[in-house]
2 protein chains.
Amino acid sequence: MAREAGVSTATVSRALAAPASVSEELRRRVLETVERLGYTPNAAARNLRGGRSQMILVVVPRRANPPFFAEVLRGIDTVLSAAGYSVIMGNLDQEGAKERHVVEMMAAGHIDGAIILSGKVPVSGERSMLDTGLPMVSICAAAEGTHAILTDEGETIVEAARHLVGLGHRDLFYVAGPDGNANERIRWAALQQLFAELALGDVRVRRTEGNFQFSGGVTAAEAFLALAERPTGVVCCNDEMAIGFMKTVQAAGVRVPADVSVVGFDGIEFADFCEPTLTTVCQPRYELGATGARLMLDLIKKPGPSAPTTTLLANEFKVRDSTAPPRQPRPGEAPAKAAPGDAKPALVPLTIS
Amino acid sequence: MAREAGVSTATVSRALAAPASVSEELRRRVLETVERLGYTPNAAARNLRGGRSQMILVVVPRRANPPFFAEVLRGIDTVLSAAGYSVIMGNLDQEGAKERHVVEMMAAGHIDGAIILSGKVPVSGERSMLDTGLPMVSICAAAEGTHAILTDEGETIVEAARHLVGLGHRDLFYVAGPDGNANERIRWAALQQLFAELALGDVRVRRTEGNFQFSGGVTAAEAFLALAERPTGVVCCNDEMAIGFMKTVQAAGVRVPADVSVVGFDGIEFADFCEPTLTTVCQPRYELGATGARLMLDLIKKPGPSAPTTTLLANEFKVRDSTAPPRQPRPGEAPAKAAPGDAKPALVPLTIS
DNA sequence: CTGTTAGCGCTTTCAA
DNA sequence: TTGAAAGCGCTAACAG
């Protein structure tokens, strides 16, 4: 290739990388030859020489909800692409084989940095991704030792719950995320604090666990339907479960919001097209990804260890059609409220089934 | 590293790659040292030397619907990961900058093969991905010159339309995909053929174009609502548009399926949780991805050019609650059917607005 | 401003 | 069975 243009390989390299350092004459000749031969520098050689690969690993949790994560990924990809980086997908699988794989890629120098959406730094045996010293950013859920981009999820789920209480609901149902999930922990802790602050004896809360999928909402709805005294307000830890819940209770003749109010969390697009439209907390999904990617680029620019930082983005609570004041009990019907005698044991976070 | 174990670098390489060719004694010593030092071979050097990178590029169309594509991607990733390959995301953006980028990656030897979900081989100026001679597989939509994994989408959308006709619908509405989209072309062509075969003068079809998003369904519904004589059966080119359509006409007081029947295409999960549940054609999304990935691995195994092949997977038409026989016109109401005088101009594929 | 050269870390002949 | 050495394609340091 260099021979073809009648120059040295170094000149070719310079003409491509630092056009200013080459004479007008040669530069033109090189570029013309490059064009004519359709030459593209070999990435592996460049990577080997320069120690960087222009690839960012994105670690996605095992059963990531596409409607939520796809938009975060779009934010990441848009920003990284514009800077000339490519994204390698690291979907974690069940057996942990993939987890080992991504740690190895990282150690093999195949990657310039990692963005973690799974809430924890991948580990393989003794080795952690952190050992590589490469820049790492976590999004949506803080992974220890990394820079985190988070939302005010605790505050906003409390806002959603307050919305229900404000409408007059006193008997609540919380459809939780999977046990141990970082977001679930934060949201439940925030809710517990809210309930502790509310006038004791006034609000009752029951809780069941879900899987963040539609099916989790279905299961929660079945538990709900089986209750003798049904709660009138339901807080779901994400929109899929809220929608699965609504669909299932409706099939059993329970009206939303007339008989039960439901709020979700995430603000996926489907929340505007289910029946009824879902009152929910909208997370800035694209911006979460874009912000994380920008931080990654910064970290790559100025290398060296830096103390983990936290960036907080704001969610937005949106009231739609799935919430309303509780129905007044008709004469002869059991009241939704707990009987006066039950007033003392206010906070009753039973785990159902 | 080799010095540490007291052997040559060649021995280390052999111990890792071909354990059989190294004496028991040395092998153990090498492996132990590898473990102790946490050594991982440098990927770039290996790639440079071997000419392969263990990376597969997946080209995703610009506005890919997450509920559909995420599952295809999962199929791809699962199969490729198990074989030790990683996936690089090539989301195409608006300006075509990304298209150039992916072509360059391919030419730069950064990639061992490409899976194309966008229906066309990316091109940058004069250069096409095909020029690299690397294995290429297209999924969901055939890209010229590649091995394609497709479904019987024409047959199954016809099945969906026949379902409506079989229920008694004679005035149909087709909500198309974006103009020029490969899937849209195939489906519309199949529908046109069906209508040509049906007794002429009996079925009327009008058509409007959509964008494969919820918003496309909303727009189509507005066009529908504006019609003086509303069709009674609606075929949508994908589920998102069908759901957007249903929600919008319902808001205007049109009942589904009592006043209008709706069928979708794809079989995304939402189709089971919208109101009413959506009659639709379910595509084997995971299997599409997995099959394509397996073919890719085969192609990599036995290199050299091969004549493009086509693999067809079967869709499944599922009847749910969004379709029913057309309502009998009440006395004094205009019939849904075209008046007898209109019988001759049977197929009326008007494009609406 | 341009050419020569060394070497990134690995695998793979080729000899021993 | 093992070691020595060449070289994958590039870029950066050094001469000229």
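Note that this is a predicted model, so its numbers are computed, not measured. Naming: A, B, ... by sequence-line order, numbering from 1 per chain.
Between B:Thr11 and D:dG3 there is a side-chain N or O to OP1 or OP2 distance below 4.0 Å. Remark: A:Ser21 is not in phosphate contact with C:dT2, judged by side-chain N or O atoms under 4.0 Å from OP1 or OP2. Distances shorter than 4.0 Å separate some side-chain N or O of A:Arg46 from OP1 or OP2 on D:dT11. OP1 or OP2 of D:dT2 sits under 4.0 Å from a side-chain N or O of B:Ser23.
Without hydrogens or angle criteria, B:Asn47 side chain to A:Ala44 main chain gives no donor-acceptor distance under 3.5 Å.
Side-chain proximity of A:Ser13 to the nucleotides C:dT2, D:dT11, C:dG3 is greatest for D:dT11. Closest contact between the side chain of B:Arg14 and the listed nucleotides C:dT12, D:dG9, C:dT4 involves C:dT12. Distances were taken from every side-chain heavy atom of A:Thr9 (C-beta onward) to each of C:dT2, D:dT11, D:dG9; the shortest belongs to D:dT11. Listed nucleotides: C:dT12, D:dC10, D:dT2. Nearest to the side chain of B:Ala10: C:dT12. Among D:dT2, C:dG9, C:dC10, the nucleotide with an atom closest to any side-chain atom of A:Leu48 is C:dG9.
B:Val12 comes within 4.0 angstrom of no nucleic acid atom, judged by non-hydrogen atoms across all strands.
D:dG9 atom C1' lies 14 Å from atom CG of B:Asn42, rounded to whole Å. The CZ-P distance, from A:Arg49 to D:dA13, rounds to 8 Å in whole Å. Distance, A:Arg52 CZ to D:dT11 P: 11 Å, rounded to whole Å. Whole-Å rounding puts the B:His110 NE2 to D:dG9 C1' distance at 14 Å. Rounding to whole angstrom units, CG of residue A:Leu16 and P of D:dC10 are separated by 10 Å. Remark: P of C:dC10 and CG of B:Asn47 are 13 Å apart, rounded to the nearest angstrom.
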Before you tell me yes or no, could you show the steps for A:Arg74 and A:Glu71 under salt bridge (Lys or Arg N to Asp or Glu O under 4.0 Å), namely the whole-Å CA-CA distance, both residues' side-chain angles and the distance that decides it to 0.1 Å? CA-CA 5 Å; A:Arg74 200 170 67 81; A:Glu71 192 63 10; 2.9 Å; yes
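The side chain to side chain donor-acceptor pair (under 3.5 Å) check on B:Arg14 picks up nothing, with sequence neighbours excluded.
If you take CE on B:Met136 and CG on B:Leu295, they are separated by 12.0 Å, rounding to the nearest 0.5 Å.
Just one residue in the list A:Leu150, A:Thr146, A:Ile149 forms a side chain to side chain contact (heavy atoms under 4.5 Å, CB included) with A:Thr310, and that residue is A:Leu150.
Residue-to-nucleotide proximity on DNA chain D shows that, of B:Leu26 and B:Ala45, the 5′-proximal contact is made by B:Leu26.
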